[in-house]
Amino acid sequence: DLLVAEDSGLVIDALDGAPGVHSARFLHPDATYPERFAEIFRRLDACPERQRTARFVCALAVTDDARVIFETRGTVEGEIVRKPRGTAGFGYDPIFYFPAYGCTLAEVTEEKKLRVAHRGQAFRALAEWLRR
């Protein structure tokens, strides 16, 4: 039987990759996103000399009897803004500035976000692999 596994997270370079794989549980499992944003801003303010570059990363793998037979990654490059902007999207979108659009991912339509989304990239690669 085939098994597909996926995990996504926000990787912030100045925070040595945090929150990364802990994005959904950053601080604690019940933390609100405003609480998470505040802690990210606090940590970034503590190292103002470091760049605020970041990326959303989706890692996806397919196994067959515990053997990895396909793996891929989707990424969206950007940076962390100084305060949340926008009301669309979810999660960390209000603090993630996407330079190609000139705004945060919470300030774009769902259609525009889906064109570049990290999960979409990974799952399109999976679909292409399955077609072959």
Side-chain angles (χ1 to χ4, degrees):
D1 292 329
L2 295 180
L3 173 70
V4 177
E6 174 272 337
D7 196 13
S8 295
L10 175 64
V11 175
I12 302 172
D13 295 322
L15 304 183
D16 299 323
V21 296
H22 303 289
S23 293
R25 298 166 304 285
F26 183 59
L27 296 181
H28 56 83
D30 297 327
T32 65
Y33 278 97
E35 289 172 329
R36 292 175 179 153
F37 300 166
E39 179 61 16
I40 287 170
F41 296 148
R42 185 191 70 72
R43 292 182 187 189
L44 288 172
D45 287 346
C47 53
E49 74 287 351
R50 298 182 85 180
Q51 292 186 325
R52 297 169 77 90
T53 52
R55 69 206 44 78
F56 282 117
V57 178
C58 173
L60 182 147
V62 179
T63 62
D64 185 12
D65 293 327
R67 182 176 58 91
V68 175
I69 58 174
F70 176 78
E71 58 186 319
T72 190
R73 221 171 215 223
T75 61
V76 179
E77 297 288 333
E79 57 192 66
I80 303 302
V81 295
R82 298 199 175 276
K83 64 180 185 176
R85 299 187 337 224
T87 57
F90 65 95
Y92 294 98
D93 290 351
I95 66 168
F96 188 85
Y97 177 82
F98 184 57
Y101 289 165
C103 59
T104 69
L105 289 181
E107 295 176 292
V108 300
T109 63
E110 183 176 352
E111 179 186 343
K112 283 183 85 169
K113 182 182 173 189
L114 290 176
R115 281 187 216 150
V116 299
H118 55 298
R119 283 189 185 99
Q121 291 174 28
F123 278 93
R124 283 189 294 276
L126 172 63
E128 180 60 31
W129 177 76
L130 290 170
R131 277 192 288 276
R132 287 188 251 134

Around atom [atom1] of [X], are there more than 12 heavy atoms of other residues, nucleotides or ligands at under 6.0 Å?
| X | atom1 | value |
| --- | --- | --- |
| R82 | CZ | no |
| R50 | CZ | yes |
| E6 | CD | yes |
| E71 | CD | no |

Nearest 0.5 angstrom please: [X] [atom1] to [Y] [atom2], how far?
| X | Y | atom1 | atom2 | value |
| --- | --- | --- | --- | --- |
| S23 | D7 | OG | CG | 8.0 Å |
| L10 | I40 | CG | CD1 | 6.0 Å |
| D64 | L2 | CG | CG | 5.0 Å |

Please name all residues satisfying ring-ring contact (aromatic ring centres under 6.0 Å, His included) with F56, sequence neighbours left out, ordered by chain then number. F96, H118
Going by ring-ring contact (aromatic ring centres under 6.0 Å, His included), name the residues that satisfy it together with F98, two or more places apart in sequence or in a different chain. Y101
Measure the shortest side-chain to side-chain distance between V62 and W129 over non-hydrogen atoms and say whether it is less than 4.5 angstrom. yes
Quick one: does F41's side chain get under 4.5 Å of I80's, heavy atoms only? yes
Does V76 share a hydrophobic cluster with F123, counting links as ILVMFWY side-chain heavy atoms below 4.5 Å and allowing steps through other members?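 No, V76 and F123 fall in different hydrophobic clusters.
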Is the closest basic N to carboxylate O distance between [X] and [Y] below 4.0 Å?
| X | Y | answer |
| --- | --- | --- |
| R36 | E39 | no |
| R55 | E77 | yes |
| E128 | R131 | yes |
| R52 | D13 | no |

Is the backbone N or O of [Y] less than 3.5 Å from a side-chain atom of [X], with the two atoms forming a donor-acceptor pair by type?
| X | Y | value |
| --- | --- | --- |
| D93 | F90 | yes |
| Y92 | G9 | no |
| H28 | A31 | yes |

If you measure only the distance, is there a donor-acceptor pair under 3.5 Å linking the side chains of R85 and T104?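 T104 and R85 do not have a side-chain donor-acceptor pair below 3.5 Å.
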Between C58 and S8, the two heavy atoms sitting closest are CB-OG, 3.4 Å
